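What follows is one structure encoded as structure tokens, with my remarks underneath.
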Amino acid sequence: MGLNCGIVGLPNVGKSTIFSALSSAPAEAANYPFCTIDPNIGMVSVPDQRLEKITELIPTAKVIPATVEFVDIAGLVAGASKGEGLGNRFLASIREVGVLVHVVRCFENPDIIHVNNKIDPKNDIEIIDIELALADLESVEKRYNKVVKSSRVDKESAKIALVMTPLLEKMKEALSQGKGVRSLDLSEEENALIYDMHLITTKPTIYVCNVDEDTINTENEFVNIVREIATSRGAETVVICGKIEAEIASLETEEERIEFLEAVGLTESGLHQLIRSGYRTLGLRTFFTAGSDENRAWTINAGDKAPQAAGVIHTDFEKGFIKAEVYSCEDLFIYKSEQKVKEMGKFRLEGKQYVVQDGDVMHFRFNN
Ligand SMILES: Nc1nc2c(ncn2[C@@H]2O[C@H](COP(=O)(O)OP(=O)(O)OP(=O)(O)O)[C@@H](O)[C@H]2O)c(=O)[nH]1
Ligand SMILES: [Mg+2]
């Protein structure tokens, strides 16, 4: 569990540059389309000052931040679903991610090739939308044919087909017009029925505008266009300069990074913004465990209850869950020690129905 992001976009828009900077995992980035062939996978630690503050108050042997996974794949072009460019076969690598990061080129630079020779974010986004929709259409058609065929086998299959065929027909219609499955606003039950297909257009998207170093702080009409499209879809936009991110990533200390950000007129790195946007988009929450062995941040979904949170650590913890000792990290920051938190009556014993809150510090009691 945690945040997994699949990076999509046209070729040569800066996907790998951003990927390398974010994940500090080297990926080949070069000024020619289709530089990336095989997918790159990178893990990033989630920056969280609360974990550092907890560690100042509760000394420990190991500090383990939450992690985010990024998958960088080959760029898509118009016709990718029919094998144009490198085709769309690499989409399989992002079928399991939670969120799509759609990188859109938002800077002019005649030296860096744009596959359509023109910077046009609206058109660029449409091309990717259509190719993702066509990839899903293939999966939906396959499933449709299977459902129809098996409906004649027995009563049970006929019953399934009765529910599935109209749903799949509705999806086929939207996808063949280049519209994603998300645009259909399917019900929870419908989404559950198609979950195992891992359709790409069911995933929420964050739009990343790749701007160049000269325009990061100026009004940028391309960014405005992307923002407008994103907002109309209820999606967030993050503005990143691949090159600046790369420089930030190469700095050793937090002080150096803060100094550098200030020098270029930014308050937060693109990576940080993107991760926060991902957490918001997916409704993720963080809880902590703390003790002399390790202090660690864990990722859960909003609304998860104590046993589910325990299950993120270990499935046995969920099965044998008895109680959780809980307090908010904010109380620790006020009272400076667990002992004092207890004395102030802020230390609680919670049961199976407790909805874990962002920033909770938890100890679990469980049966083996
Ligand atoms: N100046 C400048 N150049 C950038 C920036 N971001 C990317 N580039 C350049 O754009 C070119 C393409 O970048 P890549 O990261 O390889 O692009 P990609 O989207 O991964 O491309 P494919 O793998 O071919 O799909 C490289 O020459 C980068 O150096 C940026 O923020 N500023
Ligand atoms: Mg690349």
Side-chain angles (χ1 to χ4, degrees), residues 5-42 44 69-81 83-94 97 100-121 123-125 127-128 131-132 135 200 205-218 220 222-223 226 237-250 260-261 263-266 268-271 273-274:
C5 306
I7 304 176
V8 295
L10 290 180
N12 220 34
V13 295
K15 296 183 299 299
S16 297
T17 305
I18 290 175
F19 167 85
S20 306
L22 298 186
S23 60
S24 315
E28 203 169 333
N31 186 12
Y32 55 84
F34 309 117
C35 165
T36 303
I37 299 176
D38 292 323
N40 300 302
I41 297 177
V44 190
E69 183 183 82
F70 286 98
V71 185
D72 168 42
I73 59 168
L76 295 169
V77 288
S81 63
E84 285 297 321
L86 291 179
N88 68 1
R89 64 186 186 280
F90 300 103
L91 289 177
S93 325
I94 57 161
V97 302
L100 296 181
V101 170
H102 185 158
V103 178
V104 187
R105 176 161 163 186
C106 289
F107 65 88
E108 293 197 79
N109 181 336
D111 294 337
I112 296 174
I113 306 152
H114 185 289
V115 278
N116 300 331
N117 298 316
K118 190 170 173 277
I119 313 299
D120 184 347
N123 190 50
D124 291 1
I125 290 174
I127 292 173
I128 300 300
E131 291 312 316
L132 296 181
I200 294 166
T205 302
I206 299 169
Y207 292 86
V208 166
C209 302
N210 189 19
V211 300
D212 70 357
E213 41 289 12
D214 304 327
T215 59
I216 184 97
N217 286 312
T218 50
N220 178 328
F222 299 131
V223 170
V226 175
T237 308
V238 176
V239 180
I240 287 186
C241 168
K243 212 165 171 186
I244 290 181
E245 286 307 313
E247 282 178 48
I248 296 171
S250 71
F260 180 84
L261 281 171
V264 292
L266 298 174
E268 196 182 24
S269 74
L271 168 64
Q273 288 181 58
L274 184 58

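For ligands, and for the atoms within them, numbers begin at 1 and follow the listed sequence. As the structure is a computational prediction, the values presented were derived from the model and not from experiment. FYI, the numbering just counts along the sequence from 1.
- No side-chain heavy atom of V264 sits under 4.5 Å from any side-chain heavy atom of E247.
- The protein atom (non-hydrogen) at minimum distance from atom 28 (C) of ligand 1 is T17 OG1, 3.7 Å.
- Note: an N/O pair closer than 3.5 Å links S16 and ligand 1 by distance alone.
- A distance-only check finds no donor-acceptor pair linking the side chain of N116 to the backbone of K118 [under 3.5 Å].
- When atom types are taken as modelled, the side chain of N220 and the backbone of V223 share a donor-acceptor pair closer than 3.5 angstrom.
- Near V211, meaning under 4.0 Å from one of its heavy atoms, ligand 1 places the atoms 31 (O).
- Looking only at heavy atoms of the protein, atom 16 (O) of ligand 1 is closest to A30 N, 3.1 Å.
- The closest protein non-hydrogen atom to atom 2 (C) of ligand 1 is E213 OE1, 3.7 Å.
- Considering only heavy atoms from C-beta on, F107 stays 4.5 Å or farther from I119 through its side chain.
- By the criterion of a heavy-atom distance under 4.0 Å, both the backbone and the side chain of N31 are placed next to ligand 1.
- Geometrically, ligand 1 and F34 share a nitrogen or oxygen pair separated by less than 3.5 Å.
- For the atom pair NE2 (H102) and OG1 (T237), the distance works out to 11.5 Å, reported to the nearest 0.5 Å.
- Taking any N or O of D212, backbone or side chain, none lies under 3.5 Å from an N or O belonging to ligand 1.
- Nearest heavy-atom pair across T36 and N40 is CG2-ND2, 3.8 Å.
- Between I206 and V238 the shortest side-chain heavy-atom distance falls below 4.5 Å.
- Among all protein heavy atoms, the one lying closest to atom 6 (N) of ligand 1 is N210 ND2, 3.0 Å.
- Inclusion of T36 in the first shell of the Mg ion (ligand 2) is supported: an N, O or S atom falls under 2.8 Å.
- Annotation: atom 22 (P) of ligand 1 to nearest protein heavy atom, N12 N, 3.6 Å.
- For atom 17 (O) of ligand 1, the nearest non-hydrogen atom of the protein is G14 N, 3.1 Å.
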Any chance you could lay out the side chain to side chain contact (heavy atoms under 4.5 Å, CB included) test for I7 and I73, step after step, and finish with the verdict? CA-CA 7 Å; I7 304 176; I73 59 168; over 6 Å; no
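- Less than 4.0 angstrom separates some heavy atom of P11 from each of these atoms of ligand 1: 21 (O), 25 (O).
- The OG1 atom of T17 lies 8.0 Å from the CD1 atom of I112; values are rounded to the nearest 0.5 Å.
- For the atom pair CD1 (I216) and SG (C209), the distance works out to 10.0 Å, reported to the nearest 0.5 Å.
- The ligand atoms of ligand 1 that sit less than 4.0 angstrom from a heavy atom of P33 are 24 (O).
- For the pair L76/N88, a side-chain contact is recorded, criterion being any heavy-atom separation below 4.5 Å from C-beta on.
- Atoms of ligand 1 lying under 4.0 Å from any heavy atom of C241, numbered from 1 in the order shown and given with element: 31 (O).
- No side-chain heavy atom of L266 sits under 4.5 Å from any side-chain heavy atom of F260.
- If you number the atoms of ligand 1 from 1 as listed, the ones under 4.0 Å from a heavy atom of Y32 come out as 24 (O).
- Here N12 fails the criterion, with no N, O or S atom under 2.8 Å of the Mg ion (ligand 2).
- With contacts defined as side-chain heavy-atom distances shorter than 4.5 Å, the pair D124/F222 does not qualify.
- Within the listing of ligand 1, atoms 25 (O) sit less than 4.0 angstrom from a heavy atom of G75.
- Residue contacts with ligand 1: A29 is placed with no nitrogen or oxygen under 3.5 Å of a nitrogen or oxygen of the ligand (distance criterion only).
- Atom 3 (N) of ligand 1 has as its closest protein heavy atom I112 CD1, 3.3 Å.
- Of the protein's heavy atoms, T36 OG1, 2.8 Å lies nearest to atom 23 (O) of ligand 1.
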